[in-house]
Structure formats: structure tokens, C-alpha cells
Amino acid sequence: MGNYISLISLKINLKTAVSNYRNIMPGYRLYITIFLITLFFITLVFINPAAAEMKVKGISIIGIEELRPGMRGYGLTVFKGTEPEKFKVEVVDIVAGQIPGKKNILIKTEEKRHLFGSGVSGSPVYFDNRLAGAIYATEEYQIENILHVMPIQNMLDELEKVITVFDDKNSTSVDQNVPSTDKNGAPDISVISVNNFKAVSAPKAGEMIFVPLVRGDIWIGSAGTVTTVDGNILLAFGHPNLFTGDNIILPMHKANVNSTIPKMNLSYKMAAGLAEIGAVVWDGKQAIIGQIGRKASMIPLKVSLKTLNSPEAKIYNMEIIRKSQLISKLIGTVISSLITSNINASTKEQAISVNYSMKINGLKGDATFSQRYDADSIKGDTGPLVSGLILTTLFNGLGDKYVPDDISIGIEELADGRTGNIRKADFNKSTAHAGDTVTLNVEIEHSLDERMVVPIEIVIPEGFNGTFPVSVVPGNKVRPSEVSPDYAILTVDWLKGVLRSDDVVVMFPSGARATAFYPISRIDRTVIRLPWAVTGASDATINIIDAR
């Protein structure tokens, strides 16, 4: 971690010091002043890691100011399996970096076996057998392997910011039986036992790690390379992981590289997570920082999937990170992935019912709600956005204060997946009196000429005069802002009534009453749930004359 002088222990009575200084003869003040200034700069060298040569795990560091174009060195990374391999590198130049006022290193490599790309980030680079930094970026469609290197000092700057994070007394080690700890209470171990895994050695420079966002029957996350390890502290990637903030606790696993996939635009490593070894505790702009032996808390996620071809539901068990801003997108990705891989393409229309149930810390009762989707709409690239939309509304309303402790999702392919079109809406008469009950007939037509007429009785409010308008739309076309709650605590109750694609919504002037009434709303409406999803829209009016 470096040698730091504790400034807290240097308690100086400034008033007394100034008074004594004034009593010194003028001839001696100059010498004392020079001595104090010299002492000040010497102190800076000891308390500022940037001003002195630092070592990480016995490895000397070479500063960016010592590098010159043409200097030759080597890098370390895993091309396949778990063992890092050396590759030759050469300094091209020192260039402007992504952080204002800071420089980065541009290198090239003579490595011909592989095109460098995703997954190489974090790979350490050495010159004169001293650590210069970590590869963090490359360019697409290259004819040479040109790589950008984040200077190690920039990565150590991130380490300075994160010292207090390691003082978290609420963190738990992966192995509760490990007795040795460092001064901050974190396990200081080189070999740890992880859950049901056998003893796993701590990672070393050049090895791969995997940072899962979802793990279990489905894995979603990112893989990168370890730059260096100092005790139980690990630096990696040379760039952010999630771009969502610095202080974050994510699980950290060793990784195996199945293969390096060559591509014309940008190659990538196909990697899989192995044993859990600790947690990422800092997601900085110039490095991620991990703490070996720390346990990251995850949310249990259970998904059951029932299709028409499989009478028994398949159960998928996973864990998901406790990051409210990402939960909706990750769950949307899981849902889309399961539907894409389990529900085959068909000539008939396919509909999916998704039922959500969550135990949310700080709220009474479970949050339960459901949605219906067209299967094709939640397949492909836009699927996570579509299926995660309702959860985005939920977590935006709740904020970071309320995080789920448990999430269960039921996905079912519906037997009748047809979609009907709202063809027209007509009243049963052209005029009526205030206080009368009138019938609105909503005609829904299927593409195979099958029709359905939904009658809706509406009571015209007393005292109403003029044209009484109604609008008929599918539930999923009603903007959430029209029915959003005023307080976060109401979000869960509100979501239970969020409209679906198989809802027909009839909206009318306030004060009227209909067959059914949607209670949390800024305008009055009635909602009819159909066996079909619906599209289209229609308007209708009736003239209200003076009361009889």
C-alpha cells in the first residue's frame, strides 16, 4: 500500500511555534527557514507515493518520464487457459491521455499469433524489467498491433482514493476461518478457500479475472487482466468496468480463456469465470481495484420458464448484483436470453406472460406485478430494453434506498398469442342526457377476420353538457407519466396496476363512471383485459344535451 506518514500524529501548537520563531535572532532565522523548507520537501517525498520510487509486490515501477520511443520491453497476458504468456513490445510515443493533463503510453507489439482486443485490458507492460502500466485500449481494423497503455502511476492514483474503502467493518471475508488480517481488518492471504471450491491461489500479474453482474445458470459480466497484486490488493483493467461510479462492491472471480477470437474489426477473448477470489471495491476511471478475500453481497434471482413444448417449468437459479441502476437491464437481458434460447421461431404469433415477485428491503409485503409481451419484441438487441422497462420504472421510483433481497420471475408462453387490432369504437346512440348510462362498443378485429366486440357501459356525469369524448388505446401505449405515483413508497402498489399489451383502455372526461375504474390515475378510465394483445386506437364522441 506504500509508506505514509500519519499527519494526525504531528500535532503542532502553531501559535507557540510562531511566537518562539519571532524570538530567534534574525541571523539564525534564515538557516532555520531553509532547514524547514528542505524538511517540508523531504516529507512530501515520503508521504506522496508519486514523488518516490514505489514497489508493488517487489516489482519496481518505471515512470512515464523515463520512457523513450524505441525502448523495448514485454507484456503479460493470457491467450488461452489460465497461464499468462510474454509478448514483446516497443514504445511508439508518449501521447495525450483520456484524463486532462495526463499522458499515456503508445506501444506496438511484434506478436503475430493474435490480434489484441477485448479482454487484454489490464495486461501489464514492463520496460527494463520495471512495471510501466497496463494496456487499456486498442484500435479497430488495425494492420499492426498498436496498443494504448495506462501508466501505472495513474492507476496508483486510484488506489490513493480508495484507502478508506478497505476500512469497511461490515465486509466479510470469503473464508471466515482465515485468521490473519492486515491492519485494516481485510484478510491478508495468498491462498483462500472459496465457498465450495477447493483452495485457490491468489491471482498474479497477467492472469485473467471475471467480474460477474449475473452468475449462476446464466453468467453476464466482463473479463480483463490483472495488472499487479500487492498483498490482498489487486489493480486491473486500466479503465472503468461499469462506468457507474467509483465506490462499488462486485464479486471477483478467476477466469479461464477458452479462446482468443480473431476478428477484422476487434478481436476478443472468450472467457469464463472460475472460483470466486474476492470483490471489486473501486471502479475508477484509470483502474479497477479488487480486495482479495472480500465477499460481495448478491441478490438471489430465480426464474421459472414454461413453454408450450415443455409441460414442466424449467428452473434457473442465479445471483444478481446490488446495483439498482443496472438491475432492470440485467433482468431484461436474462428474460430475453431465456426466451430466445427456449422459444423457437414459429409462423403463428407468440405471446409471453411475465410475472414478477420481489421482496424489497424497507417495504411491507412483496412487490408483485405482471406483463404480457409479444415474444418477438423481447428477442434480439432491443429485448432487454423492452422487458426491463417496467423494472426501470420501479427502481427509478424506489431509488437506492430500497434494494430487493430476493427476486422471482415466472415466464410462460401463452397458448393464444394472437394480436387483435382496435378497429373502431362507437356509442349505441348519437345523443344522451347527463346522468344517462350509454354503451360504448369497441370492435377488435384479428387478421384472420375473427372479430370481438367489447361493450363498455359509461355513466355520463351529472351536469355535463356538450361533446363527451372517449379514446380507446392498448394498455402498453399509455405513457407511464400519466399514472406515475407521487411518492416512491407507492411505486410497488402502482406497478400492480400498470397496463399491459392485452389491456384495452378507454379514457374519458373526469367524473364519469364506467364498467371498471382504474384507481390511481390523473384522468378517469376503464380497463378491460382481453385474451389477445391489441394494437391500434380509436376515438368516439356522443353529444350530451340538457338534462331531462
Side-chain angles (χ1 to χ4, degrees), residues 214 216-220 300-318 320 327-358 366-394 406-422 444-452 454 474-478 495-505 527-536:
V214 177
D217 290 331
I218 293 178
W219 285 70
I220 301 171
L301 171 62
K302 179 181 179 181
V303 181
S304 66
L305 174 65
K306 188 174 183 180
T307 66
L308 297 178
N309 295 327
S310 177
E312 293 187 6
K314 297 179 181 178
I315 305 298
Y316 299 86
N317 291 295
M318 292 154 278
I320 189 170
I327 289 177
S328 57
K329 184 175 181 180
L330 291 172
I331 290 179
T333 301
V334 168
I335 292 173
S336 298
S337 175
L338 290 176
I339 289 174
T340 300
S341 58
N342 286 278
I343 297 180
N344 299 324
S346 174
T347 54
K348 69 180 183 67
E349 297 174 85
Q350 294 166 297
I352 304 294
S353 174
V354 181
N355 300 296
Y356 304 87
S357 179
M358 302 184 186
D366 293 353
T368 57
F369 41 93
S370 63
Q371 277 293 295
R372 172 181 171 139
Y373 302 99
D374 172 0
D376 289 337
S377 71
I378 49 179
K379 292 181 178 180
D381 295 338
T382 59
L385 178 63
V386 174
S387 53
L389 182 60
I390 188 170
L391 295 178
T392 299
T393 306
L394 170 64
D406 186 86
I407 302 174
S408 297
I409 298 174
I411 304 173
E412 183 177 358
E413 182 182 13
L414 301 179
D416 191 343
R418 291 173 293 174
T419 299
N421 181 62
I422 299 174
I444 300 173
E445 182 179 46
H446 185 258
S447 58
L448 298 178
D449 291 331
E450 183 176 351
R451 295 188 181 185
M452 176 187 296
V454 181
N476 61 342
K477 299 300 182 183
V478 177
L495 278 171
K496 294 177 181 179
V498 165
L499 305 176
R500 301 164 26 138
S501 62
D502 51 354
D503 289 331
V504 175
V505 184
V527 180
I528 308 298
R529 181 154 295 171
L530 301 182
W532 299 346
V534 289
T535 61

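Only a predicted model underlies this, so the values are computations on that prediction, with no experimental measurement involved.
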Taking all non-hydrogen atoms of both residues, which atom of [X] and which atom of [Y] are closest, and how far apart?
| X | Y | result |
| --- | --- | --- |
| Pro300 | Asp406 | CB-OD1, 3.7 Å |
| Asp217 | Asn317 | OD2-N, 2.7 Å |
| Thr368 | Ser357 | CG2-OG, 3.7 Å |
| Ser501 | Tyr373 | OG-N, 4.4 Å |

- Residues forming a side chain to side chain contact (heavy atoms under 4.5 Å, CB included) with Asp374, sequence neighbours excluded: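 Testing Asp374 for side chain to side chain contact (heavy atoms under 4.5 Å, CB included), a comparison that skips the adjacent residues, returns Asp376, Ser377.
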[atom1]/[X] to [atom2]/[Y] distance, rounded to the nearest 0.5 angstrom?
| X | Y | atom1 | atom2 | result |
| --- | --- | --- | --- | --- |
| Asp366 | Met358 | CG | CE | 10.5 Å |
| Ile315 | Leu305 | CD1 | CG | 9.0 Å |
| Ile422 | Thr535 | CD1 | OG1 | 7.0 Å |
| Ser304 | Ile409 | OG | CD1 | 9.0 Å |
| Trp532 | Leu414 | CH2 | CG | 14.5 Å |
| Thr307 | Ile352 | OG1 | CD1 | 9.0 Å |

- Flag the pair Phe369 / Leu391 as yes when at least one side-chain heavy-atom distance between them is below 4.5 Å, and no otherwise.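 Phe369 reaches Leu391 side chain to side chain.
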- Query: Is there a side-chain contact between Ile444 and Leu530 (heavy atoms, below 4.5 Å)?
  - Reply: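 Yes. Closest side-chain heavy atoms under 4.5 Å.
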- With sequence neighbours excluded, residues passing ring pair (Phe, Tyr, Trp, His ring centres under 6.0 Å) with Tyr316: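 None.
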Using side chain to side chain donor-acceptor pair (under 3.5 Å) as the criterion, list what pairs up with [X], not counting sequence neighbours.
| X | answer |
| --- | --- |
| Ser408 | none |
| Arg500 | Ser370, Asp502 |
| Ser353 | none |

Got a list of side-chain donor-acceptor pairs under 3.5 Å for residues 333-343, not counting sequence neighbours?
residue	atom	partner	partner atom	Å
Thr333	OG1	Lys329	O	2.9
Ser336	OG	Gly332	O	3.0
Ser336	OG	Ile378	O	2.9
Ser336	OG	Gly383	O	3.4
Thr340	OG1	Ser336	O	2.7
Ser341	OG	Ser337	O	2.9
Ser341	OG	Leu338	O	3.3
Asn342	OD1	Lys314	NZ	3.0
Asn342	ND2	Leu338	O	2.8

- Query: When you measure from the side chain of Arg372 to the backbone N and O of Pro531, does any donor-acceptor pair fall under 3.5 Å?
  - Reply: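 Yes: the side chain of Arg372 pairs with the backbone of Pro531.
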